[in-house]
Amino acid sequence: MDVSVAHGEGPLQQVITIGPHRLLADAPVANGGQATGPEPHDILAAALGACTALTVTLYARHKQIALQDVQVRIAHGPQDGGYVFTKHIAYVGTLSAEQRERLTQIADRCPVHRTLSGTIRIETVVA
């Protein structure tokens, strides 16, 4: 699936189109934007969090683990010359230590986590 991005209404606002869905991205007011949407790094962190929660939930359902909910928070920012995403996961339900450990292993195997942890190549084509 392609993602397209076009200038929106504000000075830095971007309209992101993904299939039938539309999202806004923007810069904070301090950087000349109007804060009408999340910053791009926040969208990337959200993708990691959503993918983690979906992957864990699907795995728990498949294995019939009594997971009632999974809550994921992603802290992120520049650190030591790189960029760090820290996943904070809370499992809701009566789970054993072994089940929690297994769910955490599965959380680290979500497709977005694997993409961000692997080799990434970005090719730019100018129209």
Side-chain angles (χ1 to χ4, degrees):
M1 176 170 296
D2 286 345
V3 174
S4 65
V5 180
H7 187 267
E9 294 180 12
L12 296 175
Q13 182 188 73
Q14 301 299 310
V15 178
I16 303 164
T17 303
I18 307 166
H21 308 288
R22 290 173 46 105
L23 308 159
L24 295 178
D26 203 347
V29 174
N31 290 15
Q34 294 179 325
T36 59
E39 298 176 44
H41 275 103
D42 293 330
I43 295 171
L44 187 57
L48 177 59
C51 185
T52 299
L54 287 168
T55 300
V56 167
T57 300
L58 289 170
Y59 179 85
R61 284 183 186 169
H62 177 72
K63 295 294 184 177
Q64 298 180 344
I65 296 172
L67 178 69
Q68 295 173 345
D69 193 16
V70 58
Q71 300 163 354
V72 181
R73 181 176 61 85
I74 308 293
H76 63 96
Q79 183 178 323
D80 300 327
Y83 202 90
V84 177
F85 293 91
T86 304
K87 289 195 289 187
H88 301 267
I89 303 174
Y91 302 115
V92 179
T94 306
L95 306 171
S96 68
E98 292 81 17
Q99 288 173 321
R100 289 176 181 276
E101 182 179 331
R102 182 64 181 146
L103 290 176
T104 301
Q105 291 170 348
I106 295 302
D108 288 346
R109 293 184 183 162
C110 88
V112 173
H113 182 120
R114 292 175 62 178
T115 298
L116 292 173
S117 299
T119 301
I120 297 174
R121 185 178 76 234
I122 300 171
E123 297 175 355
T124 301
V125 177
V126 178

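Worth knowing before you read on, the calculation uses all heavy atoms, side chains too, and leaves out hydrogens, waters and symmetry mates. The first residue in the sequence is number 1, and the count goes up from there. Predicted model only: the values in this text are computed from it and were never measured.
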Is it the case that R102 and Q105 place a side-chain donor and acceptor less than 3.5 Å from each other?
-> yes
How long is the span from the CG atom in L103 to the NZ atom in K63, to the nearest 0.5 Å?
-> 11.5 Å
Keeping the roles fixed (side chain from D26, backbone from G37), state whether a donor-acceptor pair exists under 3.5 Å.
-> no
When rounded to the nearest 0.5 Å, the distance separating NE2 of H113 from SG of C110 is 7.0 Å
Does the side chain of R109 come within less than 4.5 Å of Y59's, by heavy atoms?
-> no
Quick one: are H7 and Q13 in side-chain contact, heavy atoms under 4.5 Å?
-> no
Contact check, side chains of I16 and I43, non-hydrogen atoms, under 4.5 Å | yes
Mind checking the CD-CD1 spacing from E98 to I65? Nearest 0.5 Å is all I need.
-> 11.0 Å
Which distance, rounded to the nearest 0.5 Å, do you find between the CG of L44 and the CD1 of I74?
-> 10.0 Å
Provide the closest heavy-atom pair for L12 versus G33 in the form atom of the first, atom of the second, distance.
-> CD1-N, 3.7 Å
Listing, residues 47-55 side-chain donor-acceptor contacts under 3.5 Å, not counting sequence neighbours, or none:
residue: T52; atom: OG1; partner: L48; partner atom: O; Å: 2.7
residue: T52; atom: OG1; partner: K87; partner atom: NZ; Å: 3.4
residue: T55; atom: OG1; partner: C51; partner atom: O; Å: 2.8

Hey, could you give me the CD/CG distance between Q68 and L95, rounded to the nearest 0.5 Å?
-> 8.5 Å
More than 12 foreign heavy atoms under 6.0 Å from NE2 of H88: is that the case here?
-> yes
Please work out which of the three classes, parallel, tilted or perpendicular, describes the rings of H41 and Y83, given edges at 30° and 60°.
-> parallel
Rounded to the nearest 0.5 Å, the CG atom of D69 sits from the OG1 atom of T57 at a distance of 7.0 Å
Please examine the side chains of H76 and D42, heavy atoms only from C-beta on, and report whether any two atoms are closer than 4.5 Å.
-> yes
